[in-house]
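Beneath this line is the structure, given in structure tokens, with notes to follow.
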Amino acid sequence: MTKKKKEYTKRSSSQYNIWRGIFQNIVCKFGYMIRFKLVYRLEVNGLENVPKDNEYIVCPNHLSTLDPPLMVSIMPRHVAFMAKKELFDIPFLRWWIDWLGAFAVNRESLGPSTIKTVMEIKKSKWVFGIFPQGTRGIPGEIKGVTKGFAGLAKITKCAILPVGIIGTNEVKRWPFTGKIIVNIGKPIPYSNDVDDVVKKWTEEIQKLTGFTYVEDEKTTEENTTQQN
């Protein structure tokens, strides 16, 4: 009898439990935080802007693989991030990110399972996190912004919490040789106008990071086609 392959795209609220929370705390709020404080001299501004409930989606810009644990380390609530499905094909990494609360997603298409999982996260005490850029960007630029995060905010009726990250792209190992700054903006209310939410997030992230928005070629072509 063939063993049924475990699905990592679907999550229930019961899976975001005390055990995953403890594991996330040990790895991120303790383990990674030591590195962030000792090596990167972490500076966090705007924690007062984080809502007290979990009716929001954490939406930072993206510079490096340090960004997900960084967000988990500083946010008051546990954060469940999306991870590209290919990462779940690697045995140890699959176990690691699974226990950290991540779930698999096809970055090319956010299917029904993604929406259901985000709704399940909302039922728990955790919050959902997503990088609107989809993949890591270049320091100084905000590029490759997709509309998926704004669509999920609309469906789940959650606000968008813009978070600006600076400095995680610089790989440092010696104490006090790096500098990471995290600036948290005020929540952006969800809206039926997805394009407006994307625009507001992009504008806010530019203010929080000092980076410049660069419209990619694909988006430019789509806008030109719509105008014609």
Side-chain angles (χ1 to χ4, degrees), residues 16-52 54 56-84 87-88 90-103 121 125-143 160-187 204-212:
Y16 292 100
N17 52 39
I18 187 174
W19 303 113
R20 271 195 173 83
I22 290 173
F23 185 76
Q24 197 179 76
N25 281 345
I26 292 172
V27 172
C28 298
K29 291 185 181 293
F30 179 71
Y32 271 100
M33 185 55 84
I34 291 175
R35 181 182 177 187
F36 292 140
K37 289 287 190 180
L38 184 63
V39 177
Y40 287 97
R41 297 174 295 151
L42 175 63
E43 176 186 324
V44 181
N45 305 301
L47 275 173
E48 68 276 6
N49 293 325
V50 180
K52 302 300 181 185
N54 70 336
Y56 63 95
I57 299 175
V58 181
C59 295
N61 62 301
H62 198 12
L63 294 174
S64 89
T65 54
L66 285 178
D67 297 337
L70 173 64
M71 288 296 96
V72 171
S73 298
I74 66 176
M75 284 292 145
R77 289 177 179 269
H78 297 296
V79 186
F81 274 101
M82 284 181 174
K84 60 181 181 180
L87 295 178
F88 287 84
I90 306 170
F92 177 76
L93 183 59
R94 175 174 63 226
W95 173 86
W96 182 259
I97 60 179
D98 174 26
W99 267 91
L100 284 174
F103 64 97
I121 293 170
K125 293 182 179 180
W126 291 46
V127 293
F128 168 57
I130 182 174
F131 295 101
Q133 290 172 268
T135 188
R136 282 170 280 175
I138 300 172
E141 293 184 357
I142 301 297
K143 189 177 181 181
I160 296 293
L161 185 68
V163 183
I165 301 175
I166 305 167
T168 54
N169 56 289
E170 299 178 4
V171 179
K172 303 292 183 180
R173 293 182 175 85
W174 296 103
F176 310 114
T177 54
K179 181 65 177 178
I180 291 176
I181 300 174
V182 178
N183 295 319
I184 304 171
K186 293 183 179 180
E204 192 63 23
I205 290 297
Q206 289 183 89
K207 294 176 185 176
L208 295 170
T209 60
F211 296 175
T212 302

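Below, each value reflects all heavy atoms present in this structure, side chains not excepted, and no hydrogens, waters or symmetry copies.
Side-chain contact between H78 and N25 is present, with at least one heavy-atom pair separated by less than 4.5 Å. No side-chain heavy atom of F128 sits under 4.5 Å from any side-chain heavy atom of Y56. When side chains are defined from C-beta on, T212 does not count as touching I142, because their heavy atoms never get closer than 4.5 Å. Taking 4.5 Å as the limit, every side-chain heavy atom of I160 sits out of range of all side-chain heavy atoms of P187. Between D98 and F23 there is no side-chain heavy-atom pair separated by less than 4.5 Å. Side-chain contact between V171 and R173 is present, with heavy atoms from C-beta onward closer than 4.5 Å. Using a 4.5 Å heavy-atom cutoff, the side chains of L161 and C59 are not in contact. A 4.5 Å side-chain heavy-atom check between L42 and L70 finds at least one atom pair inside the cut-off.
Taking OG1 of T209 as the start and CD of E204 as the end, the distance is 10.0 Å to the nearest 0.5 Å. Taking CD from E43 and CD1 from I74, the interatomic distance works out to 11.5 Å, rounded to the nearest 0.5 Å. Taken to the nearest 0.5 Å, the CG atom of L66 stands 9.5 Å off from the CG atom of N169. If you take NZ on K125 and CD1 on I18, they are separated by 9.5 Å, rounding to the nearest 0.5 Å. Note that the OG1 atom of T168 and the CD1 atom of I181 stand 11.5 Å from one another [nearest 0.5 Å].
Each of V127, I184, V50 was checked for a side chain to side chain contact (heavy atoms under 4.5 Å, CB included) with V58, and the lone residue meeting it is V127. Residue M33 forms a side chain to side chain contact (heavy atoms under 4.5 Å, CB included) with just one option from K37, K29, R35, and that option is K37.
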How far apart are the C-alpha atoms of F81 and F131, what are their side-chain angles, what is the distance that settles it, and do they pass the side-chain contact (heavy atoms from CB on, under 4.5 Å) test?
CA-CA 8 Å; F81 274 101; F131 295 101; 3.7 Å; yes

Could you walk me through whether V27 and Y32 satisfy the side-chain contact (heavy atoms from CB on, under 4.5 Å) test, starting with their C-alpha distance in whole Å, then the side-chain angles of each, then the deciding distance to 0.1 Å, before giving a yes or no?
CA-CA 6 Å; V27 172; Y32 271 100; 3.9 Å; yes

Decide ring pair (Phe, Tyr, Trp, His ring centres under 6.0 Å) for F92 and W99; before the verdict, give the C-alpha distance in whole Å, the side-chain angles of both, and the deciding distance to 0.1 Å.
CA-CA 11 Å; F92 177 76; W99 267 91; over 10 Å; no

CA sep, side-chain torsions, deciding dist, call: M75, L47, side-chain contact (heavy atoms from CB on, under 4.5 Å):
CA-CA 8 Å; M75 284 292 145; L47 275 173; 5.5 Å; no

Walk me through it: do N183 and V163 pass the test side-chain contact (heavy atoms from CB on, under 4.5 Å)?
CA-CA 6 Å; N183 295 319; V163 183; over 6 Å; no

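Checked by atom type and distance alone, the side chain of N17 pairs as donor or acceptor with a backbone atom of R20 at under 3.5 Å. Formation of a donor-acceptor pair under 3.5 Å by the Y16 side chain with backbone atoms of G101 is found in this model. When atom types are taken as modelled, the side chain of N61 and the backbone of I165 share a donor-acceptor pair closer than 3.5 angstrom. With hydrogens and angles ignored, the 3.5 Å screen pairs no side-chain donor or acceptor of T177 with any backbone N or O of K172. Using modelled atom types, no side-chain atom of R41 and backbone atom of P175 make a donor-acceptor pair closer than 3.5 Å. When atom types are taken as modelled, the side chain of Q133 and the backbone of H62 share a donor-acceptor pair closer than 3.5 angstrom.
Aromatic ring centres of F103 and F88: separated by at least 6.0 Å.
Considering all non-hydrogen atoms of both residues, I130 and P60 come closest at O-CD, 3.3 Å. Pairing each heavy atom of P68 with each of S64, the nearest pair is CD-O, 4.0 Å. Shown here for C28 and L100, the closest heavy-atom pair between the two residues is SG-CD2, 4.3 Å.
Summarising the local packing, CD1 of I138 is surrounded by 12 or fewer heavy atoms from other residues, nucleotides or ligands at distances under 6.0 Å. Within 6.0 Å of NZ on K179 lie more than 12 heavy atoms contributed by other residues, nucleotides or ligands.
Geometrically, R77 does not engage W126 in a cation-pi contact, judged by NZ or CZ lying under 6.0 Å from the ring centre and within 45° of the ring axis.
Using a 4.0 Å cut-off between charged side-chain N and carboxylate O, D67 and R136 make no salt bridge.
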